[in-house]
Amino acid sequence: MNESMAGMKRTHYAAELSMSNANEKVTVMGWVQKRRNLGSVIFLDIRDRSGLIQVFLDEPVLGPEDFAKGERLRAEFVVAVEGVVQRRGDGGVNPNLKTGEIEIRATALRILNHAETPPFHIEDDVNAKEDLRLKYRYLDLRRPVLQKNLILRHKVTTAARQFLDKEGFLEIETPMLTRSTPEGARDYLVPSRINQGMFYALPQSPQIFKQLLMLSGYDRYMQIAKCFRDEDLRADRQPEFTQIDMELSFVNQEDILDLNERLLQYIFKQVMDMELSLPFKRITYKEAMERFGSDKPDMRFGLELKDLAELAAGCGFSVFADTIKSGGSVRAINAKGMAELPRKQIDALTELCKYHGAKGMAYLAVKDGEVKSSFAKFLTETEIQKLLQLTEAEDGDLILAVADKEEVVFKVLGELRLEIARRLNYLDKNVYDFVWVTEFPLLEWSEEQGRYMAKHHPFTTPMEEDIPLLDTDPGKVRAVAYDICLNGNELGGGSLRIYHRHLQEKMFEALGFSKEEAYERFGFLLDAFQYGVPPHGGLAFGLDRMVMLMAKADSIREVIAFPKVKDASDPMSDAPNIVEEKQLRELGIQVIKPEGEK
RNA sequence: GGCCCAAUGGUUCAGUCGGUUAGAACGCCGCCCUGUCACGGCGGAGGUCAGGGGUUCGAGUCCCCUUUGGGUCGCCA
């Protein structure tokens, strides 16, 4: 039988209590984490979102009726306990518990609700498989670590709002039902009942709206914005996710980077009591690719790429020499101290390179003055010395080299660099190493579409000195676009926007849109651009990734209350699902079933 | 869409070379126990070995397909 809490009022969260509450009469309410029944005394661990407190039940104090309830308690029953805080008895303190010094000696106990035995233990070191945990997400969310993560997330958004408010930002909501602009990721579509056959799209980001707000004179906008992209999931990618989004008028790139560094500094100070020193490192896209083989470099360790062109051109190893001759690139990583990596492991690294598109991988190990290598036999002694010099190799090092088109070399060595860092245990989650990557290319050639696509988005402004290249060599144009990276993750990105109509039209032209197509897709924006657009720019952070890294979690699912699984479904609610035919009729939608189905 | 990994009581796992009745820990149920906190003691229940097909005298074990979940490539302006 469940009892009412009438007449009882909670006075404290469980883990708020301490010796300073000794002899106080308190009431806590929560879930039974554990019952330890010793016969004529019973210990309970009561859990609420603050943590655990031990409750001591003995019949002389509690009375026979409530004590009998204590004997019926099971895990996850909901209880109210009234009692007196006291130092623990002969058993002493439990150092593993924040409240390990004290306990509540119960004077009254009520069972507010019963509970079935949960399908897995609710504790942090739970080993239950993720699909089971996601099916019972509401139970998984009881685990302290997930509660901690969601509280952390709350603190991050609160800190962001506080800081941006002080900086003069206005929080303004933008619509969820928007117009589809098929440039970029796939849209989630929402059918319109009133306008049959027509569809809204859920926003991939509030991009256009925030730019219009600048045009409207709001000067500084921010939003904790939900965004939607109908693409495949990853550990760090969900179909719906949250951005800390902002846009500012009358600013240059430096203003935006400076503001956002200070925002991150404030968040990390408020939430983690960690001091970030400013300014952050800044490197250009070109430098990031050449040194780290990635546009989101992990700066926690070295292992930088080394250009071997000087050696490779005309050397005795034809794979190298021919690659250079045909305009390719030969680069290497020095895996410090890994000279004695067994052949089998080297083969595994070669496979990794092939997986990422390389034709092969050349290696050279130096150990006790001896050289062990897949290709040294093709090189002269001078060439080997040159190689060691270019890669700054010392005794005990292992050189791994790849020759291919430059983009392949960067990609492969970028991945190889991360793999070596993993093997050398360089990836310390307690280190937070930020870097700005600037001067991204404006455009990217799409083989599939047979045209240039905006790398960031079509409203990004080109760098002033590169504008003439738009007509001659669009692929070379750099944008005033920047990403903020943390430990090899893209944490956020933004750009200065185009604010002159003729430049925007030129941009659409470079993207291969005719004037008519551009108007068809973005006409309202081009119209708006006739009415006085201020210079403006902005940035958006991936909130989920930021919180994931702060929580040291391995997946953003650990920092989202109700995440979706790999096929974009929710195993708990079973969304998406079929709907009633009546609903479809109202929308004028016919479901086309695969052949063979009735 | 491609590739890789996983699935055995409620949970996490073991299960040898294909061979008798599929084991353990935790959890669950019952009894006992006054200082436990991984409480302890005694007893007990609980299995469509994910599903389907195949090979075999014999399949948890080998093969194929399917399902579910995870990772990843493509994709993600």
Item to complete: Scan A/Gly100 against the nucleic acid and name what it touches under 4.0 Å (heavy atoms): base, sugar-phosphate only, or nothing.
Response: nothing
Discussion item. Within the structure provided, determine whether A/Lys429 and A/Asp554 are in side-chain contact (heavy-atom separation under 4.5 Å).
Written reply: yes
Worksheet item: Hey, does A/His536 have a side-chain heavy atom less than 4.5 Å from the side chain of A/Gln211?
Response: yes
Discussion item. Any side-chain to backbone donor/acceptor pair from A/Arg35 onto A/Glu71? Under 3.5 Å, distance only.
Written reply: yes
Discussion item. Under 3.5 Å, is there any donor-acceptor pair linking the side chain of A/Arg234 to the base of B/G74?
Written reply: yes
Worksheet item: Going through the distances and angles, do A/Tyr499 and A/Phe529 end up as a ring-ring contact (aromatic ring centres under 6.0 Å, His included)?
Response: CA-CA 7 Å; A/Tyr499 60 98; A/Phe529 268 39; 8.6 Å; no
Item to complete: Can you tell me, in whole Å, how much space there is between the C1' of B/A24 and that of B/C33?
Response: 26 Å
Fill in: Check: A/Lys566 side chain, B/U72 base, donor-acceptor under 3.5 Å
yes
Worksheet item: Is A/Thr460 touching bases, backbone alone, or none of the nucleic acid, heavy atoms closer than 4.0 Å?
Response: nothing
Fill in: Pair assignment for B/G74, Watson-Crick or G-U wobble, requiring both distances under 3.5 Å
none
Worksheet item: Given B/A77, B/U68, B/A38, which nucleotide is nearest the side-chain atoms of A/His456?
Response: B/A77
Worksheet item: Can a side chain N or O of A/Lys354 be found less than 4.0 Å away from OP1 or OP2 on B/C3?
Response: no
Worksheet entry | Of A/Met453 and A/Ser555, the one whose closest RNA chain B nucleotide lies more 5' | A/Ser555
Worksheet item: Separation of A/Glu240 atom CD from B/C76 atom C1', in whole Å?
Response: 16 Å
Worksheet entry | Nearest-Å distance for atom pair CG/C1', residues A/Leu233 and B/G71 | 12 Å
Discussion item. At under 4.0 Å between heavy atoms, how does the protein contact nucleotides 5-13 of chain B? Give one character per nucleotide, 5' to 3', with B, S or -.
Written reply: -----SSSS
Worksheet item: Between B/C17 and B/U36, how far is it from one P atom to the other, in whole Å?
Response: 46 Å
Worksheet item: Is any side-chain N of the basic residue among A/Asp187 and A/Arg229 closer than 4.0 Å to the acidic one's carboxylate O?
Response: no
Discussion item. Going by purine N1 to pyrimidine N3 plus the second Watson-Crick contact, or the G-U wobble pair, all under 3.5 Å, which nucleotide sits opposite B/C28?
Written reply: B/G44
Worksheet item: A/Ser569 side chain: which of B/G69, B/C29, B/C37 is closest?
Response: B/G69
Fill in: No-hydrogen, no-angle side-chain donor-acceptor test under 3.5 Å, A/Asn487 and A/Asp298
no
Worksheet item: Between B/C65 and B/C5, how far is it from one P atom to the other, in whole Å?
Response: 13 Å
Worksheet item: How far, in whole Å, is B/C28 from B/A45 if one measures between their C1' atoms?
Response: 9 Å
Response to the item:
Numerically ordered, the residues 39-52 of chain A set in heavy-atom contact under 4.0 Å with RNA chain B is A/Gly39, A/Ser40, A/Val41, A/Phe43
Worksheet entry | Charged tip of A/Arg521 within 45° of A/Phe513 ring normal and under 6.0 Å | yes
Item to complete: Determine the interatomic distance between C1' on B/G71 and the same-named atom on B/C26; round to the nearest Å.
Response: 29 Å
Discussion item. When you measure only distances, ignoring hydrogens and angles, does the side chain of A/Arg237 come within 3.5 Å of the base of B/C75 through a donor and an acceptor?
Written reply: yes
Worksheet item: Rounding to the closest angstrom, what is the interatomic distance between B/G60 and B/U34 at atom C1'?
Response: 47 Å
Worksheet item: When we call it a touch if two heavy atoms are under 4.0 Å apart, what does A/Glu103 touch: a base, just sugar-phosphate, or nothing?
Response: base
Discussion item. Once hydrogens and angles are ignored, does a donor-acceptor distance under 3.5 Å link the base of B/G74 to the side chain of A/Asp232?
Written reply: yes
Discussion item. Taking only side-chain N and O atoms of A/Lys34, does any of them lie within less than 4.0 angstrom of OP1 or OP2 on B/C39?
Written reply: yes
Item to complete: Using a 4.5 Å cut-off on heavy atoms from C-beta on, say whether the side chain of A/Arg137 contacts that of A/Pro563.
Response: yes
Discussion item. For a quick check of understanding: with a heavy-atom distance under 4.0 Å over all strands, which category does A/Arg186 fall into, base, sugar-phosphate or nothing?
Written reply: nothing
Worksheet entry | Side-chain heavy atoms of A/Leu202 within contact of A/Lys226, under 4.5 Å | no
Item to complete: May I ask you to say what A/Arg35 touches in the nucleic acid, namely base, sugar-phosphate or nothing, with a heavy-atom cut-off under 4.0 Å?
Response: nothing
Practice prompt. Under 4.0 Å between any heavy atoms, over every strand shown, what does A/Ala75 touch: base, sugar-phosphate, or nothing? Just pick one.
Written response: nothing
Practice prompt. Please determine if A/Lys564 and A/Asp570 form a salt bridge, counting it only when a charged side-chain N lies under 4.0 Å from a carboxylate O.
Written response: no
Discussion item. Between B/G53 and B/C49, how far apart are the two P atoms, rounded to whole Å?
Written reply: 13 Å
Fill in: Upstream residue (5' side of RNA chain B) when A/Arg229 and A/Val565 are each assigned their closest nucleotide
A/Val565
Worksheet entry | Separation of the P atoms in B/U21 and B/A14, to the nearest angstrom | 24 Å
